[in-house]
Amino acid sequence: MERNKITIIFIGLLTMLPGCYPDGPDYVEDLDLVVTQHDTSFDFQTLSTFAIPDTVVKITGNLASGEPIEFVNQAYATIVVNSIRENLTNDGWTEVAKNANPDVIILPSTIQSTTTVYYYDYGYWGWYYPYSYWGWYYPYPIYGGSYTSGSVFIQMTYPAGQTASDNIPVIWTAILNGLLEGSTSSIQSRVVSGINTSFQASPYLNLNNE
Amino acid sequence: MKRILPITILLCLAMGTSLRAQDTFGMFYSINFTTGNTNDFISKTSFRGFTFDYRHHIRPELSVGLSSGWYAFYERKDNDTYSISEEQLSFSGIQYRYLNSAPLLVIVDYHLTPEELISPFAGLGIGTTYNRVNVTMGLYETKESSWHFTLAPEIGVQVGRGSSLETWGFISARYNYNFSTSDLDTQGYITLNIGFMYGI
């Protein structure tokens, strides 16, 4: 009798386990990630001017020679470019035309990908088909849905002394990654927030610190 | 780890051969407080955990047994920036940190007043602990897991053991010290166990 009681409590505890698993992200923006990388040997304080295009390149795969480049919807591009421009200006940089020998050239681009998720939940088939105790024998994939994630890349290139045949050195890169879910305005707001974060995480870009 | 597990299994088998009336089985709800490195990683107290103990009394005041359990630690770190590789790389975002810890210990306890209604005891657990650390940031996750050599001193009180009851109360505090491995640093936490013991 006593052993039966223990067994019941034991099974009860086991069934409660999944409910004990800790929480995770609740909102789309909780999954936003900003990564920056820079050349630690480079002295950014020697720089002062930048140039930036008004468009944002859409990366669609390997581009064959001569193929046209795709660009991001101009409404998005303007927000991205203006946000970068504002951050650099606040950090003491001066914008110049691309042919006015800028110290750095900023190249923004984006990429997006869709991931499809399959999962199996015992609740779908378990316990009633084909026999009440057979449910878990079928690792039957159930379509769970898909999500689209997107990234914005910001590259700061240093063109001084380079010729057209050289690979232009990238001295600073920022990558914003997150889910492309939600309204247009909320995505735009998250992109701006991500760009701001990338500059806050890169204090060496602030020329006002000199 | 290769040495710890066979020894633990052998001791399990040796003790499983003679179940007597003095044997007890305990089930406890476990609250865990992180210490040291573990506290630097997750400072929040864990309220998700349970422990199972089996004790075999060689003498009324001396018992050996096994203890195992599962403790889940979790903390959401607010938006922050983390730098690595001599600050060449930075990551900014919300971090979700998880530690799942499952000890498997051989326990030896000395009971001060085994025949009394209130029976304090002190003991030591030796064995291994499986720790799995997950960090989620953005859409990405890093995982690291390791088996640690573990020492776990414990003090506690059994209430009602000296009576004719078949079930009695149990409360204890156990310090789980998991020695560092090549994959994970030293981990530590104090487990507060509250529950019941059954004579079997």
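Keep in mind the model is a prediction, meaning the values are calculated, not measured. Below, chain A is the first sequence line, B the second, and so on; all start at residue 1. Below, all heavy atoms of this structure are taken into account, side chains as well, without hydrogens, waters or symmetry copies.
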Got a sec: does the OH of A:Tyr27 have more than 12 other heavy atoms crowding it under 6.0 Å? no
Select one option (side chain, backbone, both, neither) describing which atoms of B:Tyr82 are under 4.5 Å from chain A's heavy atoms. neither
Measuring from atom CD1 of B:Ile94 to atom CG of A:Asp26, what distance do you get when rounded to the nearest 0.5 angstrom? 9.5 Å
Has B:Asn79 got more than 12 heavy atoms of other residues, nucleotides or ligands less than 6.0 Å from its CG? yes
Distance col, row B:Met137:CE vs A:Leu31:CG, nearest 0.5 angstrom, shows 11.5 Å
Just how far is it from atom CZ of B:Phe91 to atom OG1 of A:Thr197, taken to the nearest 0.5 Å? 14.5 Å
Using 0.5 Å steps for rounding, measure from the CG atom of A:Leu33 to the CG atom of B:Leu139. 8.0 Å
B:Lys44, NZ: over 12 other non-hydrogen atoms inside 6.0 angstrom: no
Pick whichever of B:Ser46, B:Gly138, B:Ser90 has the most heavy-atom pairs under 4.5 Å with chain A. B:Ser90
Contact origin within A:Asp32 toward chain B - heavy atom pairs under 4.5 Å: backbone
Just wondering, are more than 12 heavy atoms of other shown residues or ligands nearer than 6.0 Å to OH in B:Tyr130? yes
Heavy atoms from other residues, nucleotides or ligands near CD1 of B:Ile194 exceed 12 (cutoff 6.0 Å): yes
side-chain contact (heavy atoms from CB on, under 4.5 Å) with B:Ser92: of A:Val34, A:Val35, A:Leu176, only one passes, and it is A:Val34
